[in-house]
Structure formats: structure tokens, C-alpha cells
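In each ligand, atom 1 is the first atom listed, and ligand 1 is the first ligand listed.
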Amino acid sequence: MSTATLEKPAAAAATDTILSLNNIEVIYDHVILVLKGVSLTVPRKGIVAILGANGAGKTTTLKAISNLLKAERGEVTKGSIVFDGERVDKMSPSELVRRGCIQVMEGRHCFGHLSIEENLLTGAFTRRDGNAAIKRDLEKIYELFPRLKQRRNSQAGYTSGGEQQMCAIGRAMMSKPKMILLDEPSMGLAPQIVEEIFEIVRRLNDKEDVSFLVAEQNTNMALRYATYGYIMETGRVVMDGEAKMLRENEDVKEFYLGVAEGNKKSFREVKSYKRRKRWLS
Ligand SMILES: Nc1ncnc2c1ncn2[C@@H]1O[C@H](COP(=O)(O)OP(=O)(O)OP(=O)(O)O)[C@@H](O)[C@H]1O
Ligand SMILES: [Mg+2]
């Protein structure tokens, strides 16, 4: 067999993965160990969910990727992060944005005193392709988010939570990303609006080929839109699999989808309890 044929599958595999985290450890304030060896991958043009309860480490994982930990006195102390074929552990957030990876923070963070349109335009700050291209993309964002077009001149601080979430995603889109790290998009929104936001995620994924890594406490909704999910607990991935498998998994249903009753202490406890039961029977 020639070398050329041997190299082909490896190269194909590399381009099919847009993001991979390999055994990441994060420490805050030099002493607080929060991520204890997290590994995950996102296929190119995929939608992957990170699930888990309060404090599981979802936001920390996203910030480790986008390099926003420094501002919080956090640091990746072990492992490696590869985005689009390149090690990015030491890159600044804006370098990462330029390479096509951007985070939409938990709580949206729109500039309340600026209009929706001004907010969207701030998303283009890393671009070097001129005003005409930016203007064209702004129109494209308005096609994707008709609601933002209606509200383009409104002060963002006075728009609804759903509109602010759309604005935050639209602003990220203005950087022409290959991948968006989306933190808790459902937070504080009514179920119907959450669905609207996830439909937008699906559309951006489908029509604009943007890959997504979405951190969510809303397991049910996230697993309807993601193809693959990772469940985190106390800084570790405790389970991962195809979304369909996770949706049907009894332990996931019991602990995260609120299907079964009873005192639910921890996902890991539910799992080991079940394992013991199976072993006994
Ligand atoms: N700046 C910080 N300094 C110290 N500890 C922190 C800091 N930020 C987060 N933590 C701790 O790290 C752990 C993980 O927090 P993280 O925000 O990543 O969880 P999360 O899964 O996003 O939770 P939530 O669903 O509530 O957003 C928590 O125990 C939290 O208290
Ligand atoms: Mg969080």
C-alpha cells in the first residue's frame, strides 16, 4: 500500500473534527481544582451539548476553550485543546475569534445602552474585510432573525430576554464564526422562546454550517437539537453518547428529564445504585 493511501483516512478524520479537548484540567485561584480531566470532541458542522446541574463545570469548560478564564483567575493546567487543526490553549480570545471560534456568554451580555444594530456591529470588530462586507452580513443576520430587524433601532436593554439572546447570537454571527460556544441559551426564557432560540441554532448549523457546543441545564431541549451529548458532574464527564441514546437512557431520564420520582442526590449515585441492583439480580 502506498503512503498516500495510508495518509488519507487520518487527514479526513482530522478535518471532520472541529474541536477536541484532551484531558483538560482547570484550576481557579491557583488552588481550586474545578475541571478534573475533561475530554470531548465536536464534529465539524455538529451540534454537541454539555449537560449537567449547577456547578458541574459547563461554563468553565467553554471558557477554557475560548480562553476567557484568565479574567476569572482561572487557568488550564493540564491537557490540550485543538480547534480547526491547531493548538489554541495559549491563544487570546480575540485571536480565537479571528480563527472562527466565539463564545456567547451565559446571561447574554448585550450592551444595554446601545441599539440592537449597534450591538450587532460590535461583533464585527475582529474583521478586516471592510464595511461593505460587514453591511452585507448585517442584512443576512436580519434575514435569519426577522425579530432583530424589527427591533434594530431599539435600545437593547429594553428588549425582551429572547430578543437579547438573539442579539447575542447575531452579534457572534457577525464575526463569521465556524463555531459558536453557546452558554445556557435557555436561561430565564419561556419554553416557547427557548424553542425559537434552538430553532435558530439549528438553522445556523444547517444553512451557515456553524458548529455548536451548547452548555445547558435544560437537558430535554438540548437533546432534541444536539446530535451528541456529554453529561458533566463535579468537573468530570460522567456519561456521553448520541443524543437519541441519552434521551432513552433510564438513568438520564431519572436524573435529568424528571421522569421518575424519588430522592435524586447525584447522577453518579443513581448510576452506581442501578449497577448494584443489576449485579444483585
Ligand atoms: N472564578 C471562580 N473562582 C472559583 N471557583 C469558581 C469560579 N467560577 C466557577 N467556580 C466554581 O467552579 C465550579 C464549576 O462552575 P461552572 O460555572 O463552570 O459550572 P456550570 O456547570 O456552568 O454551572 P451553572 O449551570 O450554574 O452555570 C463551581 O463549583 C463553581 O463554584
Ligand atoms: Mg454555567
Side-chain angles (χ1 to χ4, degrees), residues 19 21-40 42 47-79 81 88-89 92-93 96 101-110 161 164-165 168-169 172 179-191 193-194 197-198 201 212-226 228-241 243 246 251-252 255-258 264-271:
L19 177 75
L21 270 67
N22 180 28
N23 213 13
I24 287 297
E25 186 179 277
V26 167
I27 295 183
Y28 282 111
D29 286 321
H30 301 291
V31 286
I32 310 164
L33 176 64
V34 168
L35 294 193
K36 302 156 189 166
V38 171
S39 297
L40 60 84
V42 180
I47 303 179
V48 170
I50 306 182
L51 308 163
N54 272 323
K58 305 181 294 297
T59 298
T60 304
T61 304
L62 296 190
K63 285 186 174 168
I65 302 163
S66 57
N67 257 322
L68 290 168
L69 282 176
K70 228 179 243 156
E72 307 216 16
R73 300 165 51 82
E75 195 184 357
V76 176
T77 46
K78 261 192 206 157
I81 303 174
V88 295
D89 328 16
S92 72
L96 235 119
C101 182
I102 190 163
Q103 178 161 355
V104 174
M105 309 259 273
E106 194 174 330
R108 328 212 241 259
H109 296 275
C110 290
Q164 287 183 28
Q165 184 66 73
I169 298 173
M179 165 156 221
I180 294 180
L181 310 169
L182 186 53
D183 199 357
E184 213 83 52
S186 75
M187 193 196 259
L189 301 179
I193 309 295
V194 173
I197 301 287
F198 272 94
V201 166
F212 279 89
L213 181 58
V214 187
E216 259 301 343
Q217 283 198 32
N218 190 334
T219 309
N220 208 355
M221 190 63 82
L223 288 180
R224 275 176 47 203
Y225 288 86
Y228 201 90
Y230 291 84
I231 299 180
M232 288 187 73
E233 202 170 287
T234 53
R236 288 194 173 89
V237 172
V238 290
M239 189 176 191
D240 66 293
L246 293 177
D251 295 336
V252 176
F255 194 61
Y256 287 107
L257 300 176
K264 296 172 281 183
K265 285 187 199 140
S266 120
F267 181 61
R268 242 186 296 175
E269 276 174 47
V270 171
K271 271 203 338 187

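When every heavy atom of G57 is checked against every heavy atom of L35, the shortest pair comes out as O-CD2, 3.7 Å. Contact detail for V42 and F212: the closest heavy-atom pair is CG1-O, 4.0 Å. Between P185 and A215, the shortest heavy-atom contact is CD-O, 3.7 Å.
The distance from the CD1 atom of I65 to the CE atom of M179 is 6.5 Å, given to the nearest 0.5 Å. Atom CG of L62 sits about 9.0 Å away from atom CD of E106, to the nearest 0.5 Å.
Side-chain contact check for Y28 and T60: at least one donor-acceptor pair (N or O, by modelled atom type) lies under 3.5 Å.
For the Mg ion (ligand 2), the set of nearby N, O or S atoms under 2.8 Å includes none belonging to E184. Residue T59 counts as close to the Mg ion (ligand 2), with an N, O or S atom under 2.8 Å.
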Between ligand 1 and the protein, tabulate every N or O atom pair separated by less than 3.5 Å, reporting distance only.
{"residue": "ligand 1", "atom": "1 (N)", "partner": "E72", "partner atom": "O", "Å": "3.4"}
{"residue": "ligand 1", "atom": "1 (N)", "partner": "E72", "partner atom": "OE1", "Å": "3.2"}
{"residue": "ligand 1", "atom": "18 (O)", "partner": "T60", "partner atom": "N", "Å": "2.9"}
{"residue": "ligand 1", "atom": "18 (O)", "partner": "T60", "partner atom": "OG1", "Å": "2.5"}
{"residue": "ligand 1", "atom": "19 (O)", "partner": "G57", "partner atom": "N", "Å": "3.2"}
{"residue": "ligand 1", "atom": "21 (O)", "partner": "A56", "partner atom": "N", "Å": "3.2"}
{"residue": "ligand 1", "atom": "21 (O)", "partner": "G57", "partner atom": "N", "Å": "2.9"}
{"residue": "ligand 1", "atom": "21 (O)", "partner": "K58", "partner atom": "N", "Å": "2.9"}
{"residue": "ligand 1", "atom": "21 (O)", "partner": "K58", "partner atom": "NZ", "Å": "2.8"}
{"residue": "ligand 1", "atom": "22 (O)", "partner": "T59", "partner atom": "N", "Å": "2.9"}
{"residue": "ligand 1", "atom": "22 (O)", "partner": "T59", "partner atom": "OG1", "Å": "2.7"}
{"residue": "ligand 1", "atom": "23 (O)", "partner": "G55", "partner atom": "N", "Å": "2.8"}
{"residue": "ligand 1", "atom": "25 (O)", "partner": "K58", "partner atom": "NZ", "Å": "2.7"}
{"residue": "ligand 1", "atom": "25 (O)", "partner": "Q217", "partner atom": "NE2", "Å": "2.8"}
{"residue": "ligand 1", "atom": "26 (O)", "partner": "N54", "partner atom": "OD1", "Å": "2.7"}
{"residue": "ligand 1", "atom": "27 (O)", "partner": "E106", "partner atom": "OE2", "Å": "3.3"}

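Although no hydrogens or angles enter the test, the distance criterion places a donor-acceptor pair under 3.5 Å between the side chain of K58 and the main chain of A53.
E106 contributes OE1 as its N, O or S atom closest to the Mg ion (ligand 2).
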